[in-house]
Asker: 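Input: one structure, supplied below.
Letters go in sequence order (proteins before strands), and every chain restarts at 1. Quantities reported herein were computed from a predicted structural model and do not represent experimental measurements.
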Amino acid sequence: MRIATFNINGIKARIESLTEWLTDTSPDVVLLQELKSVDENVPRGPIEDLGYNVETHGQKGFNGVAILSKFPIEDVERGLPGDESDEQARWIEGTVVGPKTALRLCGLYLPNGNPAPGPKYDYKLAWMERLKNRAQSIIKQEETCIVAGDFNVIPERRDAARPDAWVKDALFLPDTRNAWRRIVNLGFHDATREVTQDDGVFSFWDYQAGAWQKDDGIRIDHILLTPQAADRLVAAGIDKDVRGREKPSDHVPVWVELDV
DNA sequence: ATGGCTTCCATCGGAAGA
């Protein structure tokens, strides 16, 4: 089963390039971020026409996450536990049942956090603490599970073309990276790092200043695997060419193939 | 660079993104 995560930066603006990529690569499951749409305005028709079930957790104007799946999506939960007052649509869970085993899916759009310091950065760190708590219970349950999405975290210097440009940024500050490590160290495997230790592996290139043309990218979209999921890892990759197509998102899809 | 693009909402500018 191929599972991808993709921050599409607006599902209404991206529906044509999204369906083109779905047709080309035919992933079984897709976790989407930044729908920038309420649920009722998501253009689900063109996606359903390609054989996908669609579960969304949208919000007016920004944020918004979704699960697309060729398999039925069961036990859907919306919103990250731990703060009833949090109205931002950044978390969705669901389960798909493959030929061999069930797979729990957690799709996330982690807060950007800039400018740091400030209230937006405080929200980011608090959100990461809630994510750690949810991740801890997933690990304890020994589920075959992936936690994937736009983490807005550059884990290491090798994950940026120009790491020195990011040292004061919310995506790369020590508190951000420490919080990331505390989550990964619960027992997760970073799928992309399971298949490559290379520099220059990126998932985002800014629209500005010719970042794509200069390959001035960062790796911030990640797929974390529980040990039970990592045992079933067959392959992983990044669909980098998507960034060079017409009217692209500033992110590209990151994917894994799991024997589930 | 107090933002060089891009999207959204809502108009003809501002917020948000990373």
Side-chain angles (χ1 to χ4, degrees), chain A residues 5-21 31-44 56-66 86-91 107-125 127-128 131 148-177 179-180 200-222 238 240 242-254:
Chain A
T5 174
F6 189 8
N7 179 324
I8 51 173
N9 188 19
I11 194 160
K12 285 170 283 191
R14 210 70 58 210
I15 190 63
E16 288 186 12
S17 52
L18 173 65
T19 52
E20 181 186 357
W21 167 74
L31 304 172
L32 295 177
Q33 301 89 41
E34 279 209 272
L35 304 183
K36 297 188 175 184
S37 171
V38 292
D39 293 332
E40 50 268 36
N41 291 343
V42 171
R44 52 180 63 228
T56 63
H57 180 36
Q59 181 177 351
K60 186 177 180 180
F62 59 111
N63 300 329
V65 290
D86 185 0
E87 312 233 313
Q88 299 195 32
R90 297 178 174 276
W91 179 266
L108 67 92
Y109 175 45
L110 207 148
N112 172 302
N114 282 305
K120 291 191 171 184
Y121 193 56
D122 294 340
Y123 174 67
K124 177 175 194 158
L125 294 178
W127 204 95
M128 293 183 83
L131 173 58
D150 177 358
F151 278 73
N152 273 315
V153 174
I154 303 168
E156 301 178 73
R157 288 184 62 85
R158 62 177 169 164
D159 296 311
R162 296 183 301 120
D164 290 338
W166 297 93
V167 292
K168 293 183 179 173
D169 193 283
L171 280 64
F172 195 55
L173 281 171
D175 284 347
T176 304
R177 296 160 64 195
W180 159 264
V201 178
F202 306 134
S203 66
F204 170 91
W205 295 259
D206 201 290
Y207 287 125
Q208 302 180 76
W212 167 246
Q213 288 75 14
K214 292 187 255 182
D215 198 21
D216 181 9
I218 51 178
R219 191 174 74 93
I220 56 175
D221 299 271
H222 308 299
I238 298 180
K240 183 175 180 177
V242 170
R243 185 64 178 81
R245 296 185 189 173
E246 284 294 304
K247 209 165 178 266
S249 171
D250 39 8
H251 297 250
V252 297
V254 177

Asker: What's A:Asp150 touching, base or sugar-phosphate or nothing? Going by heavy atoms closer than 4.0 Å.
Answerer: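 Touches sugar-phosphate only.
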Asker: Within this structure, what is the CD-to-P distance between A:Gln59 and B:dG17, rounded to whole angstrom?
Answerer: 10 Å
Asker: Distance check, rounded to the nearest 0.5 Å: A:Trp205 atom CH2 versus A:Lys214 atom NZ?
Answerer: 15.0 Å
Asker: Send over the distance from A:Asn152 CG to B:dA16 P, rounded to a whole Å.
Answerer: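 In whole Å, B:dA16 P and A:Asn152 CG are 15 Å from each other.
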Asker: Expressed as a whole number of Å, how far does the C1' atom of B:dT2 sit from that of B:dA16?
Answerer: 15 Å
Asker: Rounded to whole angstrom, note down the P distance from B:dT11 over to B:dA15.
Answerer: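 14 Å, rounded to whole Å.
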Asker: With a non-hydrogen cut-off below 4.0 angstrom, is A:Asn7 in contact with a base, only sugar-phosphate, or nothing?
Answerer: sugar-phosphate
Asker: Check this for me: A:Arg162, atom CZ, are more than 12 non-hydrogen atoms of other residues, nucleotides or ligands nearer than 6.0 Å?
Answerer: no
Asker: Rounded to whole angstroms, how far apart are CD on A:Glu34 and P on B:dC9?
Answerer: 13 Å
Asker: Between the protein and nucleotides 5-8 of chain B, list every N/O to N/O distance that falls short of 3.5 Å.
Answerer:
{"residue": "B:dT7", "atom": "OP1", "partner": "A:Arg14", "partner atom": "NH1", "Å": "3.3"}
{"residue": "B:dC8", "atom": "OP1", "partner": "A:Ala13", "partner atom": "N", "Å": "3.2"}

Asker: Whenever both distances are under 3.5 Å in a Watson-Crick or G-U wobble pair, mark it; put DNA chain B into dot-bracket that way, with [ ] for crossing pairs and | when the partner is on another strand.
Answerer: ....(((((...))))).
Asker: Will you find, in the side chains of A:Asp150 and A:Gln33, an N or O donor that is under 3.5 Å from an N or O acceptor?
Answerer: no
Asker: Between B:dG4 and B:dG14, how far is it from one P atom to the other, in whole Å?
Answerer: 13 Å
Asker: Is a donor from one side chain sitting under 3.5 angstrom from an acceptor on the other, for A:Thr56 and A:Asp39?
Answerer: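 A:Thr56 vs A:Asp39: donor-acceptor pair found between side chains.
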Asker: Around A:Glu87, counting heavy atoms of other residues, nucleotides and ligands shown, do more than 12 lie under 6.0 Å from its CD?
Answerer: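 No, not enclosed.
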Asker: Considering only the C1' atoms, how many Å lie between B:dC8 and B:dC12, rounded to the nearest integer?
Answerer: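 Straight-line distance between the two C1' atoms is 15 Å.
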Asker: Whole Å only: how far is the CG atom of A:Asp250 from the P atom of B:dA16?
Answerer: 17 Å
Asker: I'd like to know if the side chain of A:Lys36 pairs up with that of A:Asn9 as donor and acceptor (distance under 3.5 Å, no hydrogens or angles considered).
Answerer: yes
Asker: Other residues, nucleotides and ligands only: do more than 12 of their heavy atoms fall within 6.0 Å of CD on A:Glu246?
Answerer: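 12 or below, so no.
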Asker: Using a 4.0 Å heavy-atom cut-off, does A:Phe172 contact any base of the nucleic acid, only the sugar-phosphate backbone, or nothing at all?
Answerer: nothing
Asker: Contact class for A:Lys120 vs. all strands (heavy atom < 4.0 Å): base, sugar-phosphate, or nothing?
Answerer: sugar-phosphate
Asker: Any base atoms under 4.0 Å from A:Arg162, or only sugar-phosphate, or nothing? Heavy atoms, all strands.
Answerer: nothing
Asker: Return yes when atom CD of A:Glu20 has more than 12 non-hydrogen atoms of other residues, nucleotides or ligands closer than 6.0 Å, and no otherwise.
Answerer: yes
Asker: Can you check the distance between B:dA10 and B:dT6, where both ends of the measurement are the P atom (answer in whole Å)?
Answerer: 23 Å
Asker: For the residue pair A:Trp180 and A:His222, categorise the inter-ring angle as parallel (less than 30°), tilted (30 to 60°) or perpendicular (more than 60°).
Answerer: tilted
Asker: Less than 4.5 Å apart, side chain to side chain, heavy atoms only: is that true for A:Phe172 and A:Ile218?
Answerer: no
Asker: Could you check how far NZ of A:Lys168 sits from C1' of B:dA1, rounded to whole Å?
Answerer: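 Distance check: A:Lys168 NZ to B:dA1 C1' gives 15 Å.
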